[in-house]
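We name chains A, B, ... by the order of the sequence lines, and we start the count at 1 in each one. Computed over heavy atoms, backbone and side chain alike; hydrogens, waters and symmetry mates excluded.
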Amino acid sequence: MNLRNFLDQSFSNALVAAGAPEGTPGMVRPSAKANFGDYQSNGVMPVAKKLGMNPREFAQKVIERVELDGIVEKLEVAGPGFINITLTSDWVAKQLSDFDSRCGVDTQSSQTIVVDYSAPNVAKEMHVGHLRSTIIGDAVVRVLEFLGHNVVRCNHIGDWGTQFGMLIAHLEELMKENPEILESELSDLEEFYRESKQKYDSDEDFALRARGYVVKLQGGDQWCNDMWRKLVDVTMEQNQKTYDRLNVTLTRENTMGESMYNDMLPAVVSELKEKGLAEESEGATVVFLDEFKNKDGDRMGVIIQKKDGGFLYTTTDIACAKYRHEQLNADRVLYFIDSRQAQHLQQAWTIIRKAKIIPETMSLEHHAFGMMLGNDGRPFKTRTGGVVKLADLLNESQERAAALIEEKSSDLTAEQKQAVIDAVSIGAVKYADLSKNRTTDYIFEWDNMLSFEGNTAPYLQYAYTRVASVFRKAEVSLEDYQADVEIKEAAERTLALKLMQFSEVVDTVAKDGTPHALCTYLYELSGNFMSFYEACPINKEGVEGDVRTSRLALSKLVAQTLKTGLDLLGIKVVDRM
RNA sequence: GGGGGUGUAGCUCAGCUGGAUAGAGCAACGGCCUUCUAAGCCGUAGGUCGCGGGUUCGACUCCUGCCACCCUCGCCA
């Protein structure tokens with residue numbers, strides 16, 4: 001159950017019973033300080049003011065009417081009209097004793113939710129700039145599926161555009177020299193792209209041929225399409241290796257690139273014309289929007305078809321949303337895309353809404369993020385001025401993890417070590433990105449990204465291994481352990497309450513698309529467990545009976561919640577490290 | 001010029017429809033391993049929340065005016 005929502009509803013009811021208007025929110029949230037109880041309701045003060053009543057007196061009336069018998073131990077009016085809520089330990093213990101493998105998280109009424117993420121470009125290698133969309137998108141996908149939603153992963157890859165002319169022309173030349181090029185030398189896509197560009201810029205004949213291929217490709221020419229398909233395939237084959245290594249759930253079936261909507265574009269343009277939204281302007285087809293202004297202060301024109309007949313990506317995005325409505329039947333679409341595209345998306349969505357291309361109830365949500373900067377505050381580059389490849393970052397992380405494990409975990413077998421290295425190195429990189437909520441540019445720093453101490457994935461993984469270790473020492477099965485929870489010590493109570501709150505944070509992540517909230521939660525849970533571990537021994541002299549079994553039960557719940565939570569983030573746990 | 005975003009500890013970041021004394025990690029300093037894994041625990045220090053007004057019981061949060069930086073604004077995506 002979502003405890004916070006439950007309490008909020010109880011206080012909302014009590015506020016209404018005490019004379020507040022229907023629907024007055026309880027404004028319940030975890031207390032700011034330990035001596036303010038477990039939760040606090042802030043709903044009294046705003047409403048008492050409106051009603052012209054003394055807030056403290058009104059708070060007292062609310063307390064008298066709230067129905068939380070057996071759940072709440074103490075309700076106190078504090079300060080200007082806060083209500084501090086202290087739960088009974090027995091009730092909390094009972095709830096935890098009844099937890100199943102879902103760690104207290106209920107499923108929600110199922111929606112169809114499209115998540116648009118990753119979106120690498122064809123004929124380019126994935127670099128650190130792709131990390132954020134890929135990792136955050138995948139975490140949100142996992143959370144939504146855990147809650148029972150029907151999630152459609154959409155990898156909106158950059159597989160269309162004029163650049164394919166030069167890429168095809170270059171590939172043609174390379175294949176003349178070596179027909180097996182696709183299996184061998186094309187392993188370095190960055191170089192392939194660079195060479196293509198260089199030839200295009202320096203060789204007239206090549207450029208002419210390239211432009212011709214663009215026309216032929218768009219016209220449906222078989223050979224050009226085959227060449228194009230090869231480029232897409234070889235790129236996605238390489239990207240799949242990165243996805244697998246990152247423990248990202250995307251597969252080839254989720255690839256729905258820009259080209260997929262090509263056939264829909266002419267109809268989208270005619271539809272917008274018919275509805276009176278689009279008009280001819282200087283040879284192009286344009287939608288003028290009052291909602292946006294251009295440099296001259298006039299309403300902004302968004303081109304949906306160029307004067308040469310070509311379509312632009314606003315048109316593609318409109319078609320894409322239409323597709324997601326008509327073919328996928330989406331209730332929500334979450335876009336994990338660079339913040340630089342915010343205005344483009346807004347324009348496309350404004351047109352979509354005006355033309356009523358999708359139902360009003362279908363929500364389009366842009367979860368933006370900024371560029372990756374170096375610690376000098378400038379766009380992040382390597383020493384030679386290139387982008388940092390994702391594979392290189394992961395390799396570096398792997399090396400650092402290997403060195404650390406060699407030093408700290410010498411008693412593990414080679415296989416165990418490798419498992420730890422994989423879990424820790426990938427986890428650290430992912431967590432570093434997942435735990436931030438930047439909507440704008442953010443700083444990439446090797447040492448922060450690859451740190452294994454403090455608020456990092458290895459810390460959470462380490463907490464998990466400590467639980468596993470406790471169970472090994474106790475010689476009982478962690479998986480099957482079942483015992484009632486009893487709360488006596490302060491550290492037990494803090495930990496128990498935190499365990500109760502997993503459901504709240506999972507709901508938040510689903511609603512807002514913000515996995516960093518889950519990171520914060522898991523870090524706090526681990527911290528609470530570490531303190532509990534220090535204060536409340538389990539496998540020691542004099543610890544027996546219900547005290548011991550309850551502590552084991554709490555520990556088991558910690559392990560289960562950590563494992564589940566980390567899995568939602570796409571991070572693996574290990575039993576030893 | 002229009003629109004959007006950002007500005008919180010030395011550094012990287014949290015701060016949940018306005019709530020109580022603004023929180024973490026890293027870095028710094030001081031304790032804790034013959035006792036369930038020290039990738040840990042406990043503690044100290046560190047702040048004019050960019051600057052000035054305003055709204056109110058209460059502002060990092062809302063309004064307004066500045067400052068700084070970033071993104072974006074008809075035929076790339």
Polar atom pairs (N or O), protein with nucleotides 56-60 of chain B, under 3.5 Å:
{"residue": "B/C57", "atom": "OP1", "partner": "A/Lys49", "partner atom": "NZ", "Å": "2.1"}

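- Across the C1' atoms, B/A20 and B/C57 are found 12 Å apart, a figure rounded to whole Å.
- Checked against B/U6, B/U17, B/C36, the side chain of A/Lys473 finds its nearest nucleotide in B/C36.
- Checked by atom type, the side-chain pair A/Asn5/A/Glu504 shows no donor-acceptor distance below 3.5 Å.
- For the OP1/OP2 pair of B/C16 and a distance below 4.0 Å, the side-chain nitrogens and oxygens of A/Lys511 include no atom meeting the criterion.
- Between A/Leu569 atom CG and A/His516 atom NE2 the span is 12.0 Å, to the nearest 0.5 Å.
- A/Ser469 comes within contact range of at least one nucleobase, with a heavy-atom separation under 4.0 Å.
- Between A/Ser531 and B/C42, a side-chain N or O to OP1/OP2 separation shorter than 4.0 Å is present.
- Paired runs in RNA chain B that reach 3 or more consecutive Watson-Crick or G-U pairs, where each pair keeps both distances under 3.5 Å, cover B:1-7 with B:67-73, B:10-13 with B:23-26, B:28-32 with B:40-44, B:50-54 with B:62-66.
- Residue A/Gly301 is in base contact, counting any heavy-atom pair closer than 4.0 Å across all strands shown.
- Straight-line distance from the CZ atom of A/Phe369 to the C1' atom of B/C71: 14 Å, rounded to whole Å.
- Checked against B/A39, B/G5, B/C75, the side chain of A/Val420 finds its nearest nucleotide in B/A39.
- For the pair A/Val302 and A/Tyr442, both in contact range of RNA chain B, the more 5′-proximal nearest nucleotide belongs to A/Tyr442.
- Evaluation of A/Tyr533 against the base of B/C41 yields no stacking contact (centre distance < 5.5 Å, interplanar angle < 30° required).
- The aromatic ring centres of A/Phe164 and A/Tyr213 sit 6.0 Å or more apart.
- On the P atoms, B/C36 is 44 Å away from B/G19, given to the nearest whole Å.
- Comparing B/G5 with B/G50, their C1' atoms sit 15 Å apart, to the nearest whole Å.
- Rounded to whole Å, atom P of B/A24 lies 12 Å from atom CG of A/Asn528.
- Residue A/Arg466 places no side-chain N or O under 4.0 Å from the OP1 or OP2 atom of B/G40.
- For the pair A/Met449 CE and B/C13 P, the computed distance is 11 Å after rounding to whole Å.
- Using atom P as the reference point in both B/C42 and B/U48, the two lie 28 Å apart (nearest Å).
- Neither OP1 nor OP2 of B/A77 sits under 4.0 Å from any side-chain N or O of A/Tyr313.
- The distance from atom CG of A/Asp441 to atom C1' of B/C70 is 6 Å, rounded to the nearest whole Å.
- Here A/Phe36 and A/Phe82 keep their ring centres 6.0 angstrom or further from each other.
- One finds the CZ atom of A/Arg400 at 14.5 Å from the CD1 atom of A/Ile421 (value rounded to the nearest 0.5 Å).
- At the phosphate of B/C41, OP1 or OP2 sits under 4.0 Å from a side-chain N or O atom of A/Tyr459.
- Note: A/Phe369 and A/Tyr442 fail the aromatic proximity criterion, with ring centroids not under 6.0 Å apart.
- In the set B/C73, B/C76, B/G19, B/G19 carries the atom at the smallest distance from any side-chain atom of A/Phe82.
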Produce the list of close N/O pairs, under 3.5 Å, pairing protein atoms with atoms of nucleotides 27-32 of chain B; give distances to one decimal.
none

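- Residue A/Glu258 has its side chain nearest to B/A77 when only B/C71, B/U6, B/A77 are considered.
- Closest approach to the A/Asn84 side chain among B/A20, B/C70, B/U37 is made by B/A20 (side chain taken as heavy atoms from C-beta onward).
- If you check every strand for non-hydrogen atoms under 4.0 Å, A/Gln40 touches a base.
- Comparing the P positions of B/G23 and B/G15 gives a spacing of 15 Å, expressed to the nearest Å.
- For the pair A/Ile538 CD1 and B/U37 C1', the interatomic distance rounds to 13 Å; values are reported in whole Å.
- Separation of the A/Tyr335 and A/Trp349 ring centroids falls under the 6.0 Å cut-off.
- Within 4.0 Å of A/Leu404, counting heavy atoms only, lies at least one base atom of the nucleic acid.
- Between B/C76 and A/His344, no contact under 4.0 Å exists linking OP1 or OP2 to a side-chain N or O.
- Rounded to whole Å, the distance from CG on A/Leu312 to P on B/C76 is 6 Å.
- Nucleotide B/C33 carries a syn base; the chi torsion (O4'-C1'-N9-C4 or O4'-C1'-N1-C2) is within 90° of 0.
- If you take atom C1' in B/C13 and the same atom in B/U8, they sit 10 Å apart, rounded to whole Å.
- The distance from atom OH of A/Tyr462 to atom OG1 of A/Thr465, rounded to the nearest 0.5 Å, is 6.0 Å.
- In this structure, a donor-acceptor pair under 3.5 Å is absent between the side chains of A/Thr514 and A/Asn437.
- The A/Arg438 side chain lies nearest to B/A14 when the options are B/C36, B/C16, B/A14.
- Each of A/Asn42 and A/Lys33 was matched to the nucleotide of RNA chain B holding its nearest heavy atom; the match closer to the 5' end belongs to A/Asn42.
- In this structure, of B/U37, B/U12, B/G74, it is B/G74 that holds the atom nearest to the side chain of A/Ile303.
- Under a 3.5 Å cut-off, the side chain of A/Gln341 and the backbone N or O of A/Asp338 do not form any donor-acceptor pair.
- Between the NZ atom of A/Lys307 and the OG atom of A/Ser281 there is a distance of 10.5 Å, given to the nearest 0.5 Å.
- Considering only side-chain N and O atoms, A/Lys295 lies nowhere under 4.0 angstrom from the phosphate OP1 or OP2 of B/G1.
- Atom pair A/Asn437:CG and B/A14:C1' shows a separation of 9 Å (rounding to whole Å applied).
- Summarising the geometry, the separation between OH on A/Tyr431 and P on B/A24 is reported as 15 Å, rounded to the nearest angstrom.
- Side-chain contact check for A/Gln461 and A/Tyr431: no donor-acceptor pair (N or O, by modelled atom type) lies under 3.5 Å.
- One P atom belongs to B/G46, the other to B/A22, and the distance between them is 14 Å to the nearest Å.
- Under the 6.0 Å distance and 45° angle rule, A/Arg466 counts as a cation-pi partner of A/Tyr533.
- Checked against B/U72, B/G19, B/C36, the side chain of A/Asn539 finds its nearest nucleotide in B/C36.
- Distance check, rounded to the nearest 0.5 Å: NZ of A/Lys124 to OH of A/Tyr193 gives 4.5 Å.
- Here, B/C67 and B/G58 have their P atoms 30 Å apart, quoted to the whole Å.
- B/G53: glycosidic angle beyond 90° from 0, hence anti.
- For A/Glu534, taking side-chain heavy atoms from C-beta onward, the closest of the listed nucleotides B/C76, B/C41, B/C73 is B/C41.
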Please evaluate residues A/Phe471 and A/Tyr481 with respect to the criterion ring pair (Phe, Tyr, Trp, His ring centres under 6.0 Å), reporting the C-alpha separation (whole Å), side-chain torsions for both, the decisive distance (0.1 Å), and the verdict.
CA-CA 9 Å; A/Phe471 276 80; A/Tyr481 195 77; 5.6 Å; yes
